[in-house]
Amino acid sequence: MAFRELMYREALREAIDEEMARSPEVFIIGEGIAERGGSYKVTEGLLAKYGPKRVRDTPIAEAGMIGVGVGAAIAGARPIVEILYVDFAMLGMDMIVNQAAKFRLMTGGEGRVPFVLRTQGGAGGGVAAQHSQSLEALFYHIPGLRVVMPSSPADAKGLLKYALRQSDPVMFLEHKHLYMTKGLVPDGEHIVEFGKADIKRPGKDVTLIAWSNMVPTALAAAEELAAQGIEAEVLDPRTLVPLDKAMILASVSKTKRAVIVQEANRRGGVASDICSIIQEELFYDLDAPIEIVAGLDIPIPFNLTLEKASVPQKSDVVAAARRALHQDPLGLAAQ
Amino acid sequence: MAFRELMYREALREAIDEEMARSPEVFIIGEGIAERGGSYKVTEGLLAKYGPKRVRDTPIAEAGMIGVGVGAAIAGARPIVEILYVDFAMLGMDMIVNQAAKFRLMTGGEGRVPFVLRTQGGAGGGVAAQHSQSLEALFYHIPGLRVVMPSSPADAKGLLKYALRQSDPVMFLEHKHLYMTKGLVPDGEHIVEFGKADIKRPGKDVTLIAWSNMVPTALAAAEELAAQGIEAEVLDPRTLVPLDKAMILASVSKTKRAVIVQEANRRGGVASDICSIIQEELFYDLDAPIEIVAGLDIPIPFNLTLEKASVPQKSDVVAAARRALHQDPLGLAAQ
Amino acid sequence: MSTPSSSANAPSRELLEKIFRTAYKIRVFETEGIKLYRQGLIRGYFHPYLGQEGIATGVCAALREGDFIASTHRGHGHCIAWGADVNRMVAELLQKESGYCKGFGGSMHIADIKAGNLGANGIVGAGTPLGVGAALANQIKGSDAVTVTFTTDGASNNGTFLESLNLAAIWNLAFVLVIENNQYAVSTKIEESTRETDLYKRGIAIGVPSFQVDGNDPIAVHDITREAVEMCRRGEGPVLIEARTFRHMGHHVNDPGKYMPEDKLAYYKARDPVDRARAAFMDMGGADKAEIEKIEAEIAAEFESAVEFSTASSEVSIEDFREFAVGY
Amino acid sequence: MSTPSSSANAPSRELLEKIFRTAYKIRVFETEGIKLYRQGLIRGYFHPYLGQEGIATGVCAALREGDFIASTHRGHGHCIAWGADVNRMVAELLQKESGYCKGFGGSMHIADIKAGNLGANGIVGAGTPLGVGAALANQIKGSDAVTVTFTTDGASNNGTFLESLNLAAIWNLAFVLVIENNQYAVSTKIEESTRETDLYKRGIAIGVPSFQVDGNDPIAVHDITREAVEMCRRGEGPVLIEARTFRHMGHHVNDPGKYMPEDKLAYYKARDPVDRARAAFMDMGGADKAEIEKIEAEIAAEFESAVEFSTASSEVSIEDFREFAVGY
Ligand SMILES: Cc1ncc(C[n+]2csc(CCOP(=O)(O)OP(=O)(O)O)c2C)c(N)n1
Ligand SMILES: Cc1ncc(C[n+]2csc(CCOP(=O)(O)OP(=O)(O)O)c2C)c(N)n1
Ligand SMILES: [Mg+2]
Ligand SMILES: [Mg+2]
């Protein structure tokens with residue numbers, strides 16, 4: 001297979017571009033996405049190519065935009081709604097939770113909602129508490145939504161293309177720190193199905209489960225662990241809903257140790273749920289408590305030192321893996 | 001101590017009444033709460049007693065009502081905002097997540113938000129997918145919120161009074177099926193602090209952790225288990241945030257088996273998080289996998305048979321407890 | 001802007017018959033449905049459309065196949081006016097698999113996507129963005145379909161009203177927002193919810209052509225809707241129509257509605273939309289008593305047979321439900 | 001409704017001096033702040049208030065102690081006009097413990113609850129319900145304080161605008177909503193966001209007395225605000241004021257703002273609010289060049305010493321943070 005190196009944002013743009021070319025029902029709306037090409041430059045060039053009917057700027061009306069997207073999807077279109085920060089999706093939460101997620105069941109399966117909400121989350125750069133959240137757990141809990149969190153350009157492209165061909169509402173959660181990261185993307189039609197995890201690095205001693213921007217962190221931790229003679233397997237679920245339980249359980253059955261890494265704060269996060277699944281299925285196989293490495297239970301502070309202290313760092317993952325291996329139980333290495 | 005028998009809704013009313021009498025800063029707004037006394041009759045008589053300044057009806061504007069409540073709290077009042085269904089709180093989610101929860105930290109601790117949002121959730125009676133949710137997990141995940149879920153009239157009263165005296169935003173989540181249930185409420189000043197779980201029934205064989213309307217279900221299951229010779233301890237955290245981890249861990253250390261019962265759907269629920277805490281702390285003490293009994297991952301259907309099939313029943317709790325005790329591993333008893 | 005209470009051009013007999021049939025069918029559906037409710041056969045919420053029949057009837061008579069509607073929690077009338085199968089409506093209320101939503105939705109969620117009915121909605125105001133979305137989809141497809149959202153006085157104070165009507169306006173969508181101003185939100189009078197009870201002015205304030213009409217006059221509603229729909233098909237959308245009306249009873253079946261002033265109720269009952277539809281069909285359409293009686297009997301029979309059909313239908317089985325529930 | 005671009009009753013020298021000092025202080029704060037930003041000393045978002053100084057200045061000059069304000073993401077000017085300590089503002093931007101929020105908030109969250117400043121806000125439109133809430137709290141307390149929320153053209157298309165202004169209206173709250181209509185939301189022109197760019201009409205549509213004013217004329221802004229505030233104290237609130245203005249640069253420090261038409265920018269720069277405040281102080285207040293220069297030098301020195309103060313301040317330590325973070 002041939003590959004090209006692309007930035008995450010370029011890969012997203014390719015996905016949208018290819019799907020807009022393929023299906024006239026695909027369109028995109030968002031704040032500043034048309035003329036200006038979007039705050040993350042994902043939509044650059046699309047206005048020129050597809051015109052103002054299918055690439056539209058909106059006023060600052062998140063509930064309206066999301067609701068209109070949901071309505072368009074019900075009526076047979078394939079809208080992409082870009083919300084600048086996942087934090088702002090809270091303004092349209094009713095449309096996500098009570099309309100998009102429920103429509104299919106409420107109509108006895110008749111109504112489908114092929115709606116894609118693209119947004120981004122994560123801390124970094126001092127944008128403070130209202131622009132730094134990782135809110136996937138909120139969507140993860142609501143039956144009917146798909147939750148997608150790509151960590152690489154190839155996954156970003158493949159998953160977004162898949163999102164635009166299936167028929168349920170998708171929360172497509174990008175990460176502000178990933179837009180400019182680069183990676184190899186296969187040439188030609190590249191589609192990644194939902195519900196298939198990916199082993200980003202194979203290993204046998206401990207499973208590191210991470211998604212979105214925590215994948216690079218987990219990979220860096222695995223590198224460091226390798227230098228210490230520990231072979232960590234890095235597993236990226238890629239889609240949290242549907243979740244590839246089979247692959248998670250297969251990896252942890254093998255390593256007998258799991259460390260789950262999430263940027264979101266610890267309490268009630270997706271990591272807790274994955275933990276509950278592993279302990280239910282592999283209770284008798286685990287050699288150590290499942291470790292969760294997560295953000296502090298606190299809104300993200302503006303101060304950059306404290307911001308960094310609020311979200312998991314490589315050293316936290318290394319320390320957790322070592323604890324899981326019953327090495328360094330006092331965590332001295334992390335200090 | 002002397003007690004009176006009160007309905008849950010009467011206990012709530014007493015709490016509001018006493019606190020309104022005590023502090024002129026307490027006031028309440030909501031749809032139909034004044035003249036009509038509220039859809040659940042919690043606020044009956046308050047308009048006559050405290051007048052239209054402090055007991056106000058609102059238009060159907062959940063985001064506005066919640067936001068106005070938050071603003072009033074910041075400015076030094078103690079508002080109660082009644083939202084008819086927790087489902088509708090999604091319309092004000094920005095005000096809850098991005099304003100109320102974050103204000104204290106964002107202002108370096110200067111700003112406080114003594115705001116109480118009263119609402120109710122739960123399935124039952126065929127009110128369908130948009131009026132049946134149990135959404136505590138969404139609030140539980142957001143740092144800065146307090147999440148309170150009383151299961152009895154006494155707790156309802158004591159916790160609401162406490163809520164109205166502390167200074168952080170409280171999601172006070174009642175249950176539509178509890179309003180008319182009765183229980184003994186201590187006479188005089190009765191306050192229940194946040195963060196103190198309550199053993200609703202002591203036992204030594206297995207810990208059933210349940211809150212809100214699942215407490216009666218767990219108690220009924222414990223009764224049935226007792227008939228089978230199993231002594232279940234029923235622990236009600238009462239407040240999910242702050243969570244009384246110490247009492248949960250003490251109970252499970254003793255019984256070595258935990259069954260967590262939540263009405264909300266399984267994926268990403270609070271039960272998963274409590275499970276993750278127990279496995280982290282008591283990994284080496286547990287005699288069986290922690291069991292989670294929860295709702296199906298599906299919006300609640302209108303059809304009453306299917307509605308019932310979507311949320312935990314007594315028999316599910318009994319079966320889970322028996323599994324935890326390695327009795328009836330095939331679940332035959334539940335059939 | 002407001003309109004006369006009756007049509008300028010004389011309406012056709014066909015239209016008059018359609019309007020009477022529809023209004024009467026809604027009346028029967030609600031009246032008989034309430035009986036089923038009181039017998040305990042219908043569960044959950046049931047918000048009767050009694051007294052407001054003129055609006056759904058007049059509006060839908062001005063639409064054509066391929067158009068879309070979105071509705072409210074008080075949605076039976078809109079479904080019927082849109083031509084829904086009464087069998088499947090009753091079956092839905094009775095929780096049966098043969099219902100529009102297989103018994104998964106109930107009164108507040110009846111929808112028929114294939115027929116362009118985006119459904120009732122349990123969230124006040126939510127139908128507006130959904131309808132604007134359908135209008136947007138149609139504009140992108142190049143279709144000349146018009147989408148109507150029925151909404152309420154209560155929803156006019158809600159953020160979705162401003163946000164989505166404004167989006168419809170900047171995009172010139174073929175969208176008609178019909179506010180059914182029945183002057184109450186449960187027990188709250190409109191005067192207690194807003195200082196400006198002329199709700200059409202909210203459309204004008206954001207540049208949307210906006211009208212006010214007597215919602216109890218189905219012909220007037222039809223006429224103004226036809227105009228609005230034509231404007232939309234000419235690319236002059238969106239349009240707002242405020243239709244004044246009043247409920248004949250409480251908010252839902254179990255609300256005695258004691259707060260509704262007797263005199264106001266009497267005023268509106270004297271202007272009953274079903275009576276007016278009947279009178280119009282007789283006076284302007286030349287129908288005689290016999291024809292009316294025949295139609296009324298037909299409609300009553302249709303409802304009765306819907307109850308039989310529904311009663312004979314089965315509910316979704318737990319097994320099928322478990323299968324259906326996979327993958328959420 | 002609109003008002004003349006200058007005051008009818010001659011403003012006092014004291015007022016003119018206050019207005020000039022405030023407007024100039026904001027100008028210096030933003031100009032120097034941008035330099036710190038470009039040096040990498042300020043991080044995160046920084047939305048300059050340059051060009052809009054007339055609004056915060058004129059509005060706050062019409063308020064008194066005990067009143068409340070709530071602000072936007074572009075909030076430095078409001079803080080300064082409200083009398084904030086520049087030391088603590090700069091310290092906040094530099095992430096220091098001596099800042100208004102101990103460095104936890106930053107530019108978008110500076111608040112001073114004790115002084116009645118409910119704070120800037122990172123969510124467009126959120127200040128409106130918060131301000132209405134403060135006004136409600138004051139009404140319940142029996143206080144005659146007035147609350148002003150500064151909001152934006154962008155926020156006027158958002159649901160919070162309708163919902164919360166409507167609540168203020170039905171409750172007759174002592175609340176003034178000041179829309180700073182700078183005609184852009186980032187790069188989106190107001191004409192692209194709404195058909196009706198006279199935003200004050202949205203207030204009228206829900207029964208709120210509403211005015212339009214030249215936001216670049218601080219005296220005119222002051223006068224209309226004084227009137228609005230008096231109405232509020234008389235129980236005739238709420239009031240809406242739309243103040244027309246224009247940014248002097250892009251949306252935030254890193255936005256070159258190329259989309260802003262040169263001629264329009266030139267038009268507004270020719271009507272610079274700081275120049276107008278200076279001119280008013282000189283023409284109407286009789287200040288001479290020497291006095292102006294002295295004031296300008298004082299303000300420049302105040303900012304410089306704030307930078308020194310802030311640089312010398314320390315950040316919250318990780319240990320203190322861990323303690324602070326308990327119990328969330
Ligand atoms: C967002 C939301 N808030 C509250 C409710 C509860 N509720 C259902 S109907 C209703 C009153 C609705 O009044 P209006 O919108 O005028 O419609 P009407 O019932 O008069 O047709 C209320 C408050 C709801 N369903 N959705
Ligand atoms: C709810 C919400 N949506 C989007 C944003 C991102 N955003 C920040 S400022 C801004 C433009 C604001 O324009 P306007 O409201 O007119 O205020 P101005 O910047 O012109 O002062 C946008 C879209 C936000 N902060 N909050
Ligand atoms: Mg109404
Ligand atoms: Mg602007």
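It should be emphasised that the depicted structure is a prediction, and the values quoted were computed from it without experimental measurement.
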Is the backbone N or O of Ile142(A) less than 3.5 Å from a side-chain atom of Asn265(B), with the two atoms forming a donor-acceptor pair by type? no
What part of Ile292(A) lies closer than 4.5 angstrom to a heavy atom of chain B: side chain, backbone, both or neither? side chain
Please step through side chain to side chain contact (heavy atoms under 4.5 Å, CB included) for the pair Gln133(B) and Val97(A), ending with a clear verdict. CA-CA 10 Å; Gln133(B) 292 169 89; Val97(A) 170; 3.4 Å; yes
Within a strict 4.5 Å, meaning less than it, do heavy atoms of the Ile277(A) and Arg266(B) side chains meet? yes
Checking Arg104(A) against chain B: side chain, backbone, both or neither under 4.5 Å from a heavy atom? neither
Let's go through Gln130(B) and Asp94(A) carefully: what are the C-alpha distance in whole Å and the side-chain angles of both, what is the deciding distance for side chain to side chain contact (heavy atoms under 4.5 Å, CB included) to 0.1 Å, and is it a yes or a no? CA-CA 10 Å; Gln130(B) 293 171 338; Asp94(A) 171 64; over 6 Å; no
Are the side chain of Asp273(A) and the backbone of Gly268(B) linked by a donor-acceptor contact shorter than 3.5 Å? yes
Which region of Ala101(A), side chain (C-beta onward) or backbone (N, CA, C, O), has a non-hydrogen atom less than 4.5 Å from a non-hydrogen atom of chain B, or is it both or neither? backbone
Honestly, the part of Glu62(A) sitting under 4.5 Å from a heavy atom of chain B is neither
Does any backbone or side-chain atom of Phe139(A) lie under 4.5 Å from a heavy atom of chain B? Answer side chain, backbone, both or neither. neither
For Asn98(A), is there any backbone N or O sitting under 3.5 Å from a side-chain donor or acceptor partner on Asp87(B)? no
Side chain, backbone, both or neither of Ile278(A) within contact of chain B (heavy atoms, under 4.5 Å): neither
Residue Ala129(B) versus chain A: region with a heavy atom under 4.5 Å: both
Give, for atom CE of Met93(A) and atom CG of Leu91(B), the distance between the pair rounded to the nearest 0.5 Å. 11.0 Å
Relative to chain B, which segment of Ile274(A) carries a heavy atom at a distance below 4.5 Å: side chain, backbone, both, or neither? neither
Please examine the side chains of Met95(B) and Met90(A), heavy atoms only from C-beta on, and report whether any two atoms are closer than 4.5 Å. no
Chain B contact via Leu105(A) - side chain, backbone, both or neither, heavy atoms under 4.5 Å: side chain
Which heavy atom of His326(B) sits nearest to which heavy atom of Tyr284(A), and what is that distance? CE1-OH, 3.1 Å
Over all heavy atoms of both residues, which pair between Pro289(B) and Gln279(A) is shortest? Give the atoms and the distance, please. CA-OE1, 3.8 Å
